[in-house]
Amino acid sequence: MVNPVNTTTIKSKETNKTRPSKLLEGVGVWGSFYRIRPDKFVTDYLGLHLYLYQRILICMMMFCTNLIYCAARGQGKTFLTSMFCVVKCILFPGTKVCVCSKSLKQAKGVLLKIQQELMPNSAVLRAEIESVRINNAEGIVTFKNGSFIFMSVASDNARGYRCNVLIVDEFVLVDPVVIAAVLKKFLNVDRVPGFMSKPEYRNNPKYRERNQEIYMSSCWLKSSWGWEKLQDYTRAMMNPKKKYFVCGLPYQLSIKEG
């Protein structure tokens, strides 16, 4: 007599076999969606609120290789920069973000915003971050997926750093020679995702990720060298083959949004 087949055991084994693949498939689908809509990632995953103009800006910060944002007072420029940094680091594992400014105190502001405002309001973000170390000499936020955000003074002494995303805060106060000769040299390494080690993807320029330059500033004088840079970026933005973006928002928006 043949023993009856235990169908429950078979189903459970099949379920256990397919569960990891289904999980990875779901992660891939949602990861792709949130890379296209980082503003939805902020609200859905991190549970934080964004105004409409912040939604637009964080999407453009994700899409563009070169961006300038000139903000009036009270628009939360540092908050938005901090938000972009954590979203970029979570959605793109192994990303290195450098935040530069003329002074260490200014550069430290982005990291302090992550530590003092974003993390207390998002349990998920706290779970993503491995450690935060901020003092008078250095500042770094390390993520569990290998990404990290660090700060640097924009000076001739800041050589040897490497990053995939360069953010220059209050860039109009930084010497343009330092930006060209020192800071932009940070971007000579690419983020290499794990799949790039496979033969079918290796050395294929189609899958190469472009590094990013983001320049933030309060509105400044047209006599500044930053005005010429803004004009150059505006002309480049008109070229559909380039991923440039320029944005300047007036003080009325700050008042409207409170």
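Given the structure is predicted, the values throughout are model-derived calculations rather than measurements. Note that these values count all heavy atoms, side chains included, but never hydrogens, waters or copies made by symmetry.
Of the inter-residue distances, the one linking Ile56 atom CD1 with Phe245 atom CZ reads 8.0 Å to the nearest 0.5 angstrom. Atom NZ of Lys96 is separated from atom CZ of Arg191 by 9.5 Å, given to the nearest 0.5 angstrom. In this structure, Thr142 OG1 and Glu130 CD are separated by 7.5 Å, a value rounded to the nearest 0.5 Å.
Annotation for Tyr251: hydrophobic cluster partners, listed by chain and number, are Ile255 (ILVMFWY side-chain heavy atoms under 4.5 Å, direct or chained).
Without hydrogens or angle criteria, Arg159 side chain to Val182 main chain gives no donor-acceptor distance under 3.5 Å. Counting only distance, with no hydrogens or angles, the side chain of Gln212 and the backbone of Cys64 share a donor-acceptor pair below 3.5 Å. The backbone N or O of Gln75 sits less than 3.5 Å from a side-chain atom of Tyr53, completing a donor-acceptor pair. With hydrogens and angles ignored, the 3.5 Å screen pairs a side-chain donor or acceptor of Thr65 with a backbone N or O of Lys243. A donor-acceptor pair is defined here as one N or O able to donate and one able to accept, closer than 3.5 Å; such a pair exists between the side chain of Ser82 and the backbone of Val110. Not a single donor-acceptor pair under 3.5 Å links the side chain of Gln106 to the backbone N or O of Ser103. The backbone N or O of Ala127 lies less than 3.5 Å from a partner atom in the side chain of Lys144, making a donor-acceptor pair. In this structure a side-chain-to-backbone donor-acceptor pair under 3.5 Å is present from Asn145 to Cys89.
Remark: Tyr244 engages Tyr233 in a ring pair (Phe, Tyr, Trp, His ring centres under 6.0 Å) (not counting sequence neighbours). Shown here are the ring pair (Phe, Tyr, Trp, His ring centres under 6.0 Å) partners of Phe33, two or more places apart in sequence or in another chain: Trp30.
Remark: of the listed residues Val165, Leu118, Ile149, Ile149 is the sole one forming a side chain to side chain contact (heavy atoms under 4.5 Å, CB included) with Cys85. Test Val178, Asn211, Ile179 against Lys184 for side chain to side chain contact (heavy atoms under 4.5 Å, CB included) and you get one pass: Ile179.
Checked for salt-bridge contact, Glu138 and Arg133 meet the test: a charged N lies under 4.0 Å from a carboxylate O.
For the pair Lys229 and Tyr215, the cation sits on the ring face: its NZ or CZ lies under 6.0 Å from the ring centre, inside 45° of the axis.
The aromatic rings of Tyr161 and Phe150 are tilted relative to each other, their planes meeting at an angle between 30° and 60°.
Taking every heavy atom of both residues into account, Ser254 and Arg73 meet most closely at OG-O, 2.8 Å.
Transitive grouping of hydrophobic side chains (ILVMFWY, heavy atoms separated by less than 4.5 Å) brings Leu173 and Trp227 into a common cluster.
Residues Thr43 and Arg55 form a side-chain contact, since some pair of their non-hydrogen atoms from C-beta on lies under 4.5 Å apart.
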